[in-house]
Each structure stands twice: as structure tokens, then as C-alpha cells.
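Order of the sequence lines sets the chain letters (A, B, ...), proteins ahead of strands, with each chain counted from 1. All heavy atoms count here, side chains included; hydrogens, waters and symmetry mates do not.
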Amino acid sequence: MNEPNIDPKLLKPYNPKETEDRIYKIWEESGFFNPDVCIEKGVTDEKAKPFTIVMPPPNANGRLHAGHALFVTLEDIMTRYHRMKGDRTLWVPGADHAGFETQIVYERKLEKEGRSRFDMKPEDLYKEIYDFTIANKEFMENDVRRLGASCDWSREKFTLDPEIVKTVQQTFDKMFKDGLVYRGDRIVNWCAKHQTSLSEVETEFEERTEPYYYLQYGPFVISTSRPETKFGDKYVVMNTKDERYKEYKHGQKIELEWINGPITTTVIKDDSVDMEFGTGIMTITPWHSQVDFEIAERHNLDKEQIIDWKGKLLPIAGDFVGIHISKARPMIIEKLKEKGLLVKIDEAYKHSVKTCFKCNTIIEPQIKDQWFVKMRPLADRALDAVDSGKIKFYPENYEKIFRYWMTNTIDWNISRQIVWGIPIPAKICNICKKGYSDLKDELVKCECGGELHKDTDTFDTWFSSGQWTLLSLGYPDTKDLDIYHPTNVMETGRDLIFKWIPRMVIFALYLRDEVAFHNVYLHGLVNDEKGEKMSKSKGNVVNPIDLIDTFGSDALRIALVVGNTPGMDLALSRDRIKGYKNFANKLWNITRFVMSSVPNDNFKKSELNESDKKIIDEFNIIIKDITLDMENFRFYMASEKIYHYIWDTFASIIIEESKPIISGGDEKSKISRQTLLIEILEKSLKVLHPFMPFVTEEIWSILPIENKKLLMVEKWPE
RNA sequence: GCGCGAUUAGCUCAGUUGGUAGAGCAACCCGUUUACACCGGGAAGGUCGUAGGUUCGAGUCCUACAUCGCGCACCA
């Protein structure tokens, strides 16, 4: 082929591998990811409307997965679009220490090496996990770069940066002084394997089929799936309205023979008992059940621990002391049988048990002295913010879920018994157990005269993540906050509607009297090509970096976006991505045609003739439409529209029609058409840039345009 | 039990305020003439889960049901 005018690169198919890293480096070195540089170089100005996204910080302990690829893509699309619009655009990256998650990853590593965290000094363990995390953080950041993220690395924050630790501790102190955190003996979700309490969002329900036992309890028959908790049951509870048991009076004492001998039980009448369930009679174990705990609180009953922190029975179990509950159950049943107290067994009782979301160990509810956040007043403010329309959800129906969660919230346990996290700056009295916030580490005596010792617990990860929009913008320093907060969009996975979104809303309202963001965009899960959830055990996990190596970052990005409506899960197949790799090449070849149809040197754009003007006007209408989609978070439509315009209109119709005009003799039509081709190509590149930044920037660099900037800071076409 | 979502072409999914059904991928036929075979041309493929209702008109609005998925609650 004889095409002396055009860049030799264009003669070969587009090669993302040779392009992407080089382009990213140019972007990064240009400084345009940083809005301050954009102001300095006239891309935007101080009076321009700010546009801010705070990145949901990926775990620093590992590589990115497909879900990360989706969020990076979506946020980068928004960021690039707004930067091109001339907004004062900031996308703040971050890295999460991911407290419990990371500690588990590290514990598995220790386990493999035959070590255990319980044999290590906390500070040594912390140091090891810190080094491990910081080493991995770089891999994660590099993956984010490969996806083309145009975030401002100079503002990157790590959730364990010293100033962040300090600020989070100050928030605790403020909440303590405002009476919004309290120390309390309450039921917590205890994981005996990890030796820590867990919040509701860190537990899961798992359906189990187990035997269900009916036991003779004095004159009553009670039923249970957990006979190992029954040693301490000295209250028998029935509904006040239950006619069957009306002869029994509240407070009445009854002598009866129980597992380890005779005991005295007390009758309690409480309407929370479901008369339809089992025999309508229950005994309670307040130390190991939320419901029982609440009954005990209402009637001021004794609470006694039966099971220790490792899951073994305490002395109250008599003969069974020291035996792990998993082994004790059949032994207890055997004894009950011998004593004639076993009435019957339902072999296949289906019920759900709460399990640890990481290790599937059955959660043992335990009463523990912990720090709790009083949620009601905070949640009410969050609801007000949504009611008044200050926060909008995409898709809309997630607003309902948010409301439901905020309406039904319970006090939040923020104490964790792990080292990998932000220490709670508190002191606890060794006698009366009273807790104090103590930022300066100066308190020594409790008001009761007891000694104060340091709380060794750390904060639940979400306590710090909940402040993330503020922390990543430098709170309490207001320099960036005053400009970039509230953020415009919080874009994250739909599963975080409970875990994260409400907490960010709450903290921003509490600390700054502002919403954290005006829009919440929730993406769905990225599943495998069959629509099944990716999991290591199924072996269907796809690594986004492998996909980038094979198809290019641009192809992966647009494959993740086209047709992917917010909140909906996506089935990601290799064929789908391959199609968009071809699209990148199509655009490459369009450029090759345009370049070989237009004289490279001394070409001056001319006025368009009537028919060509009509063509550009039609494109302008489509661009307007796409712009509207961009403003309304319909990236799935915007991307599809530009894709189809480029392929089906520009390539298939306009270019085909141009061939006879270009090779024809009418010089005026020819120049008009050449101008048209260049204009459409330029505009196409601009509109496509947020979706496929690498190939568009590369082509832009080849085009002979006077005074050109980087495409990433060119003006979005009006 | 309560709530939410889904049900449209073989597969994965769009379809913005109701106006004669769309895309990508796969499959079929044809074609390597000068942007591109990582391509082009052509043809095929859907009673829009079921049953009612509102309307001149419903994939789109309403009601009920079915199936699948998710969340929440209970589980003594």
C-alpha cells in the first residue's frame, strides 16, 4: 500500500499493549489529574463548578477484581466527562486497610506458616500486617492505573495514614462528649474463631437442617435446637394471653428436675412469646440470645454466661465443663434421655443460623462490654436529608432500601478485638467497667476509685470508612472541603447500600452539617458469562488485568458499560469484550482512511456545503442527546449511541459515500467533504474519550491539529 | 412472613414521559475490488412469564398469580 502521508503506526492494526502504558504516563506527567494544575494551565478556573468523586478505596491487600474494574470505569467516565466540560474536577483515590478482611488474609498466611496471631505481641502483628499491606498497595494502585483512572494521585489517602487515625479518634471523642457513643453490656455477635465481635453486616444467615428437641421442664414441655445452652435456664416464659397456662402466675416459683439436678424456675409472662410456635412455652438464656436478652432486660432478670469465648462450656454445666459445645450436644441429649427428660426429637428441623461472613463459624451471641453508637438521632437526620431531596439515588428504588435501613437501625457496635485497625482512644475502669474517651492518654483513676486501663480494641472498619468523603478531602482541614464537599457522586456497589452509604451520610451530617454527596450511583455485580457469581471455589473468577492484556483496557471498559444499567448485575463474557476490541480497531482504520483522504500538509478546513452541513448537524443532535444521557447517569445509553454512530453511520454511510467524492473531480465538494471527515472524527474522539480514553488519545496525538492539547482536556463538543 | 428486583430473539441484556419491538454475542448464506477479514453484504430469528383491567392504542400504567434472584425478620 502506498500511503506516504499517514503515520506508519496506522498501517498496522491498533495495538493496545504498545499504547496504553505510554499514554497513561503522558497523562500522569501532564498533571491534569489534579484540578490545581488544570486551573494553572487554563483548563478550568477557580470559579468553575466543582465536580467531585471520592473513590471507594479498594482493599490495599490485594489485586483488583472485575467489580473494581467496573467502578473505576464508571467513575473515570464521569470524571473525564466533567473535566472536558471545563468543571473543576477532582477524583480522589484511596486505599483501604480493610480491618477485619485484611487481618483474616494475614491470619491465613500465618496459619500456612504454622503461626498464630494469638502467640504474637499485638504491636509485632500490626507491624507485619502493615508491611504486608503497604507492599500490596502498590499492586492495587498499578491495577487502577492500567484501567486508565484519571484520579488525582497527589491527593491519595490510605485509611491508616497517621492524620486519618488521629481524626477518626477525634470523631470518637466528639461523639463521646455529645453522648452519641456509650459503653454497654449488650449482646454482640461473637466469632469464636476470630475472637472478635462482629456487626450485623459482617454476619450471614445460613440455612441448616438439624434435630429439634422437646424436653420435659417440670410441668412444661419446652423445645430447642440448642440443648447445650440450657444449663442456666431458670426462667420459664409464656404469653400473658395464653389460656393453656393461665393457672401459672408471673413470678411463681416451681421446683423441677433438670439436667444436673433439681432447680427452681420462675414463671415470667411476656407477650413476645409466640403462642403458635412449639409448645408456646420457652425458657431463656439471656447471655446467648438477643431475644432472651431483651426479655431479661424488660423483667430485670439475672443473666449468666454458659459458654466461654472459645465456645466451651463453663462450670455451670457441671459434668460438661470445658467441653466444646459442638461435642457437648449429643452428650447432653444422652443424659437427658437417661433421666427421662427427652420427650421427642424432630429430626429435620430447618432453620437459619447466623454465621461469620468470613469463616462460616456459627456466631455465638455473647454479652460483652463494648462501645456502641447511638444510631437513632443520627439516622433521623439522614432520613431528613433524603426526604428533602438532597440525595438522589440511581437507580431510584434504592432510596427505599436506604430508608428501610435507616428506619430500622439498631445501635452500632464499633468495638473490634483485632489489632489491624484504628485503636479506640478509650480507658476502661477495672472495677465498675465505666468507659472514658481519652485522646491524650492522661486519665488514670475512675470516679469510682478504680484503676483505668487502656481499651485494646480497634474501631470497626466502617467507623472510619463512614467518614471517608470528609477524610479523603483532608478533614478537619477545610481547604479542599470548602470547594469539593459535598461530593457530587458516590459511585459504589449496590451491596454497600447498607454497609457504607448510610454511615457516610450520617457522619457528614454530624461532623460538617452537610450531606456527603448529592447523588448515589449503585452498580450491580459483575458475574461470569453465564451470569453466575464469581467465586474462587467455582473457579470462574476473571482477572481484569488478564482481560486488559488480551483485549486492551478500552475494550474492557466499554464492555463493562454498554447496556449495563445501574443496579443490574452484568454477565461479562470474553466474546463481549472481543467485540469492543474490534471496535477500537475499527476506529483506528477509520482514522487511517481519513488521514489518507486528506492532504497531511497545508490542509485548511473549508466551509461545509449544504449537504455536508446537514450531516454534521445530525451528529450534533446525537451529541446533544448523548450529553443529556451523561448528565443523567445513563452511561449505558451514551456509550451505545456513540458506538453505533461511529460504526453504523460514520464508517458505513459517511465514509462509503465519501469515496467517490474524494476521488472525484469536483474540488469544492472534495474539500468540504475532507473537512467534514476531520470534524466528525475529531468530535467522535471527544465523545468517545471518557469511555475509551487510550485509543482516542492515541489517535488524537496522530491527527494534524494546530495548537492541540491532550484530548483529555479538550472541550466536550456542544 | 415482609420488602425489592427480574421474567423481551439461541445467550446476555437495552427499550427515558404508553404510539406499529432493539443491540451485542452466537448461528446461517455470500463476498477477500484500493480504511478495516479485528471486515463487508444479505437473510433469519420474539403471541415482550400467565390471566385480567385502564386506554383510540400497553413491553411500557393498574390488579392478581407463577417462576427465579436478592435483602430483611423470625426460628425459644
Hey, does [X] reach any base, or is it just sugar-phosphate, or nothing, if we go heavy atoms under 4.0 Å?
{"X": "S597(A)", "answer": "nothing"}
{"X": "S225(A)", "answer": "sugar-phosphate"}
{"X": "A651(A)", "answer": "base"}
{"X": "E656(A)", "answer": "base"}
{"X": "G563(A)", "answer": "sugar-phosphate"}
{"X": "T591(A)", "answer": "nothing"}
{"X": "K533(A)", "answer": "nothing"}
{"X": "D495(A)", "answer": "nothing"}
{"X": "R226(A)", "answer": "nothing"}
{"X": "T224(A)", "answer": "sugar-phosphate"}
{"X": "V594(A)", "answer": "nothing"}
{"X": "Y398(A)", "answer": "nothing"}

[N] pairs with, by Watson-Crick or G-U criteria that keep both distances under 3.5 Å:
{"N": "C56(B)", "result": "G19(B)"}
{"N": "A37(B)", "result": "none"}
{"N": "G49(B)", "result": "C65(B)"}
{"N": "C2(B)", "result": "G71(B)"}
{"N": "A9(B)", "result": "none"}

Q. Does NZ in K578(A) sit with more than 12 non-hydrogen atoms of other residues, nucleotides or ligands closer than 6.0 Å?
A. no
Q. What do you reckon, is CD of E347(A) surrounded by more than 12 foreign heavy atoms closer than 6.0 Å?
A. yes
d([atom1], [X]; [atom2], [N]) in whole Å:
{"X": "K641(A)", "N": "G15(B)", "atom1": "NZ", "atom2": "C1'", "result": "11 Å"}
{"X": "L11(A)", "N": "U34(B)", "atom1": "CG", "atom2": "P", "result": "15 Å"}
{"X": "N397(A)", "N": "C70(B)", "atom1": "CG", "atom2": "P", "result": "17 Å"}
{"X": "D528(A)", "N": "C25(B)", "atom1": "CG", "atom2": "P", "result": "20 Å"}
{"X": "M637(A)", "N": "A14(B)", "atom1": "CE", "atom2": "C1'", "result": "7 Å"}
{"X": "L587(A)", "N": "C39(B)", "atom1": "CG", "atom2": "P", "result": "13 Å"}
{"X": "Y580(A)", "N": "C13(B)", "atom1": "OH", "atom2": "P", "result": "14 Å"}
{"X": "N564(A)", "N": "G15(B)", "atom1": "CG", "atom2": "C1'", "result": "15 Å"}

Q. Can you tell which of D7(A), T19(A), L587(A) makes a side-chain contact (heavy atoms from CB on, under 4.5 Å) with I699(A)?
A. L587(A)
From [options], nucleotide with atom closest to [X] side chain:
{"X": "W405(A)", "options": "C36(B), C72(B), G15(B)", "result": "C72(B)"}
{"X": "D575(A)", "options": "A35(B), U16(B), C25(B)", "result": "C25(B)"}
{"X": "R592(A)", "options": "G5(B), A14(B), A35(B)", "result": "A35(B)"}
{"X": "E640(A)", "options": "G5(B), C36(B), A14(B)", "result": "A14(B)"}
{"X": "H644(A)", "options": "C38(B), C74(B), G24(B)", "result": "G24(B)"}
{"X": "M568(A)", "options": "C13(B), A23(B), C74(B)", "result": "C13(B)"}
{"X": "W647(A)", "options": "C39(B), A35(B), C25(B)", "result": "C39(B)"}
{"X": "F498(A)", "options": "G5(B), A35(B), G71(B)", "result": "G71(B)"}

If the [atom1] atom of [N] is compared with that of [M], how far apart are they to the nearest Å?
{"N": "U20(B)", "M": "C29(B)", "atom1": "P", "answer": "34 Å"}
{"N": "G40(B)", "M": "U34(B)", "atom1": "C1'", "answer": "14 Å"}
{"N": "G57(B)", "M": "G18(B)", "atom1": "P", "answer": "15 Å"}
{"N": "A43(B)", "M": "C30(B)", "atom1": "C1'", "answer": "10 Å"}
{"N": "G5(B)", "M": "A64(B)", "atom1": "P", "answer": "14 Å"}
{"N": "A14(B)", "M": "G53(B)", "atom1": "P", "answer": "30 Å"}
{"N": "A9(B)", "M": "U17(B)", "atom1": "C1'", "answer": "27 Å"}
{"N": "G49(B)", "M": "G59(B)", "atom1": "C1'", "answer": "12 Å"}

Q: Please confirm whether the backbone N or O of H288(A) pairs with a side-chain atom of T285(A), one donor and one acceptor, at under 3.5 Å?
A: no
Q | R376(A) (side chain) donor-acceptor with T407(A) (main chain) under 3.5 angstrom | A | yes
Any [X] side-chain N or O less than 4.0 Å from OP1/OP2 of [N]:
{"X": "S596(A)", "N": "A35(B)", "value": "no"}
{"X": "N589(A)", "N": "C38(B)", "value": "no"}
{"X": "Y636(A)", "N": "G15(B)", "value": "yes"}
{"X": "K659(A)", "N": "U34(B)", "value": "no"}
{"X": "K586(A)", "N": "G40(B)", "value": "yes"}

Q. Does the gap between the ring centers of F393(A) and F402(A) come in under 6.0 Å?
A. yes
Q) When the aromatic ring centroids of F220(A) and Y248(A) are compared, is their separation below 6.0 Å? A) yes
**Q.** Base A73(B) paired with Q290(A) side chain (donor-acceptor, <3.5 Å)
**A.** no
Is the ring pair [X]/[Y] parallel, tilted or perpendicular, if the boundaries are 30 and 60 degrees?
{"X": "H523(A)", "Y": "F71(A)", "answer": "parallel"}
{"X": "Y214(A)", "Y": "Y212(A)", "answer": "perpendicular"}
{"X": "H299(A)", "Y": "H250(A)", "answer": "tilted"}

Q: Tell me which of D648(A) and D629(A) sits closer to the 5' end of RNA chain B, going by the nucleotide each one is nearest to.
A: D629(A)
